[in-house]
Amino acid sequence: MCGIIGYVGPRQSQGILLTGLKRLEYRGYDSSGMAVINPAKNRISTRKSPGKIRVLETLLNKKPLQGSTGIAHTRWATHGAPNQINAHPHSDCKDEISLVHNGIIENYAQLKKELIKEGHKFSSQTDTEVIVHLIEKYLKNRSLEEAVRKAILKIEGSFAIGVISSLEPDKLIGARSGSPLIVGLGREENFLASDATAILDATKDIIFLGEKEMVVLTGDSCKVTDFGGREVKKVPVKIKWDIAQAQKQGYRHFMLKEINEQPGIIRAFLNSRIQKGSGRINFEELAICEDALKSIRNIMIVACGTAYHAGMVGKYILESACSIPTQVDVSSEFRYRDMLIDKETLVIAISQSGETADTLAGIRQAKQIGAKVLSICNVVGSTLVRESDGIIHTHAGPEIGVASTKAYTAQVTALYLFAFYLARIKNILSQAQVNKYLEELQKIPRQQEEILKFQGSIGKLAQRHSHLGSFLYLGRNINFPSALEGALKLKEISYIPAEGYAAGEMKHGPIALIDEYRAVVCIACESHVYEKMISNLQEIRARKGKIIAIATKADDKIRDQAREIIYVPRCSELFSPLLVALPLQLIAYHIAAKRGCDVDQPRNLAKSVTVE
């Protein structure tokens, strides 16, 4: 949520900051702004506007900003409407300090009241503005670094901030507590950003700031301290992503590109984890010893949104392969209820970004109780990665589309491999049985490629249904979560109301909604509950529902139940979610594109949800 980019060095900063903002658009935002220190005039100049970054870019073309030290921001509104006044950066009374902020300041109302009494003038309705006025208050007879440190000790909540001042024009300061912030190290120049995507073209040497850490940057120096002022030694991480991975490469939208990347990502993931010949599964970063895993009696999966649906698939996989009772909980619920977990519980946290606020809060509480935490994450060096006992990196590359696609199937693939790994350790499956599963799993990328050969016809099918006002998605057993995920994708990017249901529950409510104005997407692949699903289709037909069936190739029986059919290759029922995901994603994509929606940046949504 929101995006921060900052620069200090010899180059003019406007172009660098604008490029960084554009690469952060995927995070979700409703306004943007930029502030640069003009050395000739020794003052800060600011441009900001509501709406898309292109509006800000037009403003900057008319009135360019001159200077080499600057900060910029994309805002996702929490306190105050998305307008020019509330857009970041925010300034102090004298326009000597400028600040950008991600997060929420929980005690801002009390701080604002005190600051107003002291004579400070506020211009916005944001919680952010209190920070810059606090810095102004403490800057008297102090350095900017000392004033920032004193200010952040007064605020409560989550924040990542970037600060510049015309009083110290060659300095850029950042601090974080609860919200992510990184440092990019360049040659005679340094960067501050909310994630690495913003600066990949300039540097791949990244420092991930830890919780309650602060950084002071100049063009040729980088000093990291804790909030108490004690210096912290940090080792840069070399990011392996290429900037080309964060570009569209000829696709109309990032989402479509990322849908098409899935076979390659899964193939690479499997090849890097499975030893040829022996079939042994290798998780070099797992860091939880086998004895600890052998003692696990219960598994709790915690995640949000799409990652939660991946976790639901994981429940079926783990219970089937490992015979271990597994629960799945939404992170925002898990963190606030009584956690009935202990040292024999493995908590699996799933997050694309590794910065999801509710998931982080949940695993911190679980660790206090004594549970081991294994995280499945896409971002090396993220907060979740640093705070977990063990990690499985999905290595899916940067996912720019807000609606997750390749991260989802990468997470599900990681859960398959972990389940087989755990089952082997606990002697529930023999190596021969594991090898048989792996042989089937390794066919999935090629089968996904077969599905993508027909994405043109899937697109036409989806467009024929783009006028409908609502959708129902039905699935059974391991594809019940697939139905939930399909409905979520459609809601996210097309704004069409959609519900996912376990097909057996249809008669307990949703059947009342079925008529000729609603499409019903039925996941009816070959399975041990196939005949039950056919009965559901017959019930829908009797009520004139418009059925879109996802079925196994060469299934002739399904033709009697549905006119609109998307076929997927035959595979084991256990692995079918990895095939079903692609047509569900394509249906959502093509309906949204047909309706003229902003596919990559749907309204009100953010890629990385770093606040409650």
Side-chain angles (χ1 to χ4, degrees), residues 1-5 20 23-29 73-76 78 100-104 157-162 174-184 192-200 206-213 215 234 237 239 241 246 302-308 310-311 330-332 334-335 347-367 373-388 391-404 407-408 410-411 605-612:
M1 301 176 86
C2 304
I4 288 174
I5 174 75
R23 293 199 178 123
L24 292 172
E25 283 192 283
Y26 74 96
R27 294 175 69 89
Y29 71 104
H73 189 264
T74 51
R75 177 179 184 249
W76 188 85
T78 55
V100 291
H101 163 232
N102 292 350
I104 290 178
S158 66
F159 59 87
I161 61 171
R176 66 152 295 189
S177 176
S179 291
L181 195 64
I182 66 161
V183 173
L192 198 64
S194 41
D195 71 52
T197 307
I199 56 175
L200 273 179
I206 304 297
I207 289 174
F208 292 87
L209 291 183
E211 186 69 2
K212 296 189 183 302
E213 287 184 351
V215 64
K234 307 291 285 190
V237 173
I239 296 296
W241 295 347
V302 293
C304 301
T306 286
Y308 171 70
V330 178
S331 301
S332 56
F334 175 71
R335 65 179 291 193
V347 174
I348 301 178
I350 309 175
S351 171
Q352 190 282 138
S353 68
E355 303 294 349
T356 309
D358 288 315
T359 302
L360 288 170
I363 65 128
R364 286 165 184 159
Q365 289 176 239
K367 288 184 72 174
V373 174
L374 167 66
S375 291
I376 297 174
C377 185
N378 191 38
V379 180
V380 176
S382 63
T383 304
L384 183 63
V385 166
R386 295 196 304 272
E387 296 192 16
S388 299
I391 306 298
I392 299 176
H393 286 118
T394 53
H395 296 302
E399 188 177 65
I400 307 302
V402 167
S404 182
Y408 169 73
Q411 289 162 355
L605 294 180
K607 184 67 177 174
S608 179
V609 183
T610 57
V611 297
E612 285 192 58

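Keep in mind that what you see is a predicted model, and the values were worked out from it rather than measured. By convention here, the first residue in the shown sequence is residue 1.
- In this structure, Lys234 contributes its side chain and Phe208 its backbone to a donor-acceptor pair below 3.5 Å.
- Ala193 meets the side-chain contact (heavy atoms from CB on, under 4.5 Å) test with Ile5, Ile182, Ala198, Ile199; sequence neighbours excluded.
- In this structure, Ala407 and Glu399 approach most closely via the heavy-atom pair N-OE2, 3.0 Å.
- When every heavy atom of Ala349 is checked against every heavy atom of Ile363, the shortest pair comes out as CB-CG2, 3.6 Å.
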### Message
Checking Asn102 against His73 for the side chain to side chain contact (heavy atoms under 4.5 Å, CB included) test, could you report, in this order, the C-alpha distance in whole Å, the side-chain angles of both residues, the deciding distance, and whether it holds?
### Response
CA-CA 9 Å; Asn102 292 350; His73 189 264; 2.9 Å; yes
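- For residues 378-387, the pairs satisfying salt bridge (charged side-chain N to carboxylate O under 4.0 Å, His left out) are Arg364-Glu387, with sequence neighbours left out.
- With no hydrogens or angles considered, a side-chain donor-acceptor pair links Thr356 and Ser351 at under 3.5 Å.
- For the residue pair Glu211/Thr383, the side-chain donor-acceptor check at 3.5 Å is not satisfied.
- Using modelled atom types, no side-chain atom of Gln411 and backbone atom of Ala310 make a donor-acceptor pair closer than 3.5 Å.
- Between Ser179 and Phe159, every side-chain heavy-atom pair lies at or beyond the 4.5 Å cut-off.
- Ser375 and Ser388 share a side-chain donor-acceptor pair at under 3.5 Å.
- No donor-acceptor distance shorter than 3.5 angstrom exists from the side chain of Ser194 to the backbone of Gly3, with no hydrogens or angles considered.
- Cys304 SG to Ile350 CD1: the interatomic distance, rounded to the nearest 0.5 Å, is 10.5 Å.
- Residues Pro180 and Asp195 fail the side-chain proximity criterion, which asks for heavy atoms closer than 4.5 Å.
- For the atom pair CG of Leu384 and CD1 of Ile391, the computed distance is 6.0 Å after rounding to the nearest 0.5 Å.
- Minimum interatomic distance between Gly162 and Leu192 (heavy atoms only, all atoms of both residues): CA-CD2, 3.8 Å.
- The backbone N or O of Ser331 lies less than 3.5 Å from no partner atom in the side chain of Asp358, so there is not a single donor-acceptor pair.
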### Task
Show the numbers, then the answer: is there a side chain to side chain contact (heavy atoms under 4.5 Å, CB included) between Val380 and Ile239?
CA-CA 8 Å; Val380 176; Ile239 296 296; 5.5 Å; no
### Task
Go through Val385 and Val379 one step at a time and tell me if the side chain to side chain contact (heavy atoms under 4.5 Å, CB included) criterion holds.
CA-CA 8 Å; Val385 166; Val379 180; over 6 Å; no
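- Nearest heavy atom pair, residue Gln352 against residue Asn378, reads OE1-ND2, 3.0 Å.
- Side-chain contact between Ile376 and Thr394 is present, with heavy atoms from C-beta onward closer than 4.5 Å.
- Among all heavy-atom pairs drawn from Phe334 and Gly362, the shortest one is CE2-O, 3.5 Å.
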